[in-house]
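Here the structure is laid out as structure tokens; the discussion comes afterwards.
On a predicted model such as this, the values are computed, not experimentally measured, just so you know.
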Amino acid sequence: MVLDLKDLRRELKKLSDPAKAVFFPRFFKTGPGEYGAGDKFRGVTVPAQRKLARAYQDLPIRDAEKLLDSSFHEDRLTALFLLIRHYRKGDEAQKENIHRLYLRKWKRVNNWDLVDSSAEHLVGANLDGKNSSLLTKWAKSSELWQRRIAMIACYHDIKKKDFRTPLKIAALLLRDEEDLIHKAVGWMLREIGKRDETVERKFLDRYAAKMPRTMLRYAIERFPERGRKRYLAMGR
């Protein structure tokens, strides 16, 4: 049986959980003035969305793009899972097209889970450490989600133990005012430390005094207590 976008939308509606649909908007800060203001939720779990993306992985990219334009959060996350699947099995031209689609549609990637599930795979993997100009530009953006995408995209390089761009972007975001950026930078620094603690400590020795408390705490989470206390004493 050939499955189409209408079938996928129907499945998403069928999997809706009214209790979760009430809880998720609070969890993802959708109130007036909050970072997810106005977003809508069906109440579908992430594992269920991943399962749907596997079942509908042959859906055309144009349909994934249509789903990404949905007003429902879960629809957009499912669309991103579909695009990641297309990206991984695509040739170079298709990968570049999906990457550019993501850049055009970044406003639809408008919460931390959407960014964290996709930026590494659809931005970081495409740049692959070769060109940091886009990430540098987005790290300086006034848009919260562009800045978070810039940092989380670096996870691709970090996993390859190429820390040049991640450290550059982290340094650019040190004075960011948003808690979601503090957490993203601290997380990526911690991931660097998992692979090379010396590199992370060198960065912290230089910048810990300038780092917001949340960023620093995330970065040193795995350190022994003595090391944590040392860096916390340096922090602002």
Side-chain angles (χ1 to χ4, degrees), residues 1-90 94-126 143-149 152-153 155-156 178-180 183-184 187:
M1 182 175 66
V2 178
L3 300 174
D4 61 19
L5 182 56
K6 288 182 180 179
D7 295 318
L8 177 51
R9 291 186 190 274
R10 194 177 300 114
E11 293 274 10
L12 283 162
K13 290 178 183 178
K14 190 184 300 183
L15 290 168
S16 297
D17 181 327
K20 289 183 173 62
V22 171
F23 170 73
F24 286 163
R26 296 197 300 269
F27 182 75
F28 287 103
K29 308 293 185 185
T30 65
E34 294 183 310
Y35 58 74
D39 205 357
K40 295 165 61 178
F41 287 81
R42 297 187 186 278
V44 183
T45 65
V46 172
Q49 291 172 69
R50 290 188 183 277
K51 186 175 180 180
L52 280 178
R54 287 195 299 272
Y56 286 81
Q57 61 185 307
D58 294 328
L59 209 65
I61 292 172
R62 65 179 179 275
D63 285 343
E65 181 177 0
K66 290 177 183 176
L67 194 62
L68 190 58
D69 285 329
S70 172
S71 60
F72 285 97
H73 187 102
E74 294 94 337
D75 295 12
R76 300 197 301 281
L77 183 54
T78 301
L80 291 169
F81 290 150
L82 287 168
L83 289 173
I84 290 168
R85 286 185 166 273
H86 276 290
Y87 184 92
R88 287 174 173 166
K89 64 184 181 182
Q94 188 175 57
K95 288 180 177 180
E96 182 63 20
N97 287 337
I98 293 171
H99 170 69
R100 291 186 179 279
L101 165 62
Y102 186 91
L103 299 185
R104 289 197 312 274
K105 295 285 189 176
W106 70 266
K107 288 186 178 181
R108 311 307 298 152
V109 189
N110 56 352
N111 214 307
W112 58 265
D113 64 320
L114 303 177
V115 172
D116 296 359
S117 298
S118 61
E120 166 197 352
H121 308 290
L122 301 179
V123 179
N126 196 265
E143 298 286 350
L144 168 62
W145 303 121
Q146 284 192 333
R147 300 199 306 278
R148 186 157 177 124
I149 287 169
I152 302 303
Y155 205 2
H156 173 83
E178 293 286 348
D179 184 65
L180 283 174
K183 291 175 179 176
W187 172 25

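Between His121 and Tyr87, the distance from one ring center to the other does not fall under 6.0 angstrom.
In the displayed structure, Arg62 atom CZ is contacted under 6.0 Å by at most 12 heavy atoms of other residues, nucleotides or ligands. More than 12 heavy atoms of other residues, nucleotides or ligands lie within 6.0 Å of NZ in Lys89, so this atom counts as buried by the packing criterion. Within 6.0 Å of the NZ atom in Lys20, the count of heavy atoms belonging to other residues, nucleotides or ligands does not exceed 12.
A salt bridge does not link Asp17 with Arg42: none of the charged nitrogens is closer than 4.0 Å to a carboxylate oxygen. Salt bridge status for Arg100 with Glu96: present, with a side-chain N to carboxylate O gap under 4.0 Å.
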Practice item. For Ile98 and Lys95, run side-chain contact (heavy atoms from CB on, under 4.5 Å): C-alpha distance rounded to whole Å, both residues' side-chain angles, the deciding distance at 0.1 Å, then the answer. Key: CA-CA 5 Å; Ile98 293 171; Lys95 288 180 177 180; 5.9 Å; no
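Using a distance-only test at 3.5 Å, with no hydrogens or angles considered, no donor-acceptor pair links the side chain of Asn126 to the main chain of Val123. Judged purely by atom type and a 3.5 angstrom limit, Gln49 uses its side chain to pair as donor or acceptor with the backbone of Val44. For the pair Arg50 (side chain) and Thr45 (backbone), a donor-acceptor distance under 3.5 Å is absent. Checked by atom type and distance alone, the side chain of His73 never pairs as donor or acceptor with a backbone atom of Phe41 at under 3.5 Å. One N or O on the side chain of Glu74 and one on the backbone of Gly43 form a donor-acceptor pair closer than 3.5 Å. A donor-acceptor pair under 3.5 Å links the side-chain atoms of Asn111 to the main chain of Phe28, judged by distance alone.
The shortest non-hydrogen separation linking Ala79 to Leu68 is CB-N, 3.6 Å.
In this structure, Lys29 fails the cation-pi test against Tyr35, since its NZ or CZ atom is not both closer than 6.0 Å to the six-membered ring centre and inside 45 degrees of the ring normal.
Taking 4.5 Å as the limit, every side-chain heavy atom of Asp116 sits out of range of all side-chain heavy atoms of Tyr155. Looking only at side-chain heavy atoms (C-beta outward), Arg9 and Lys14 stay at 4.5 Å or farther from each other. Side-chain contact between Leu122 and His99: absent, with no pair of heavy atoms (C-beta onward) separated by less than 4.5 Å.
The one candidate from Asp39, Asp113, Asp69 that meets the salt bridge (Lys or Arg N to Asp or Glu O under 4.0 Å) condition with Arg76 is Asp39.
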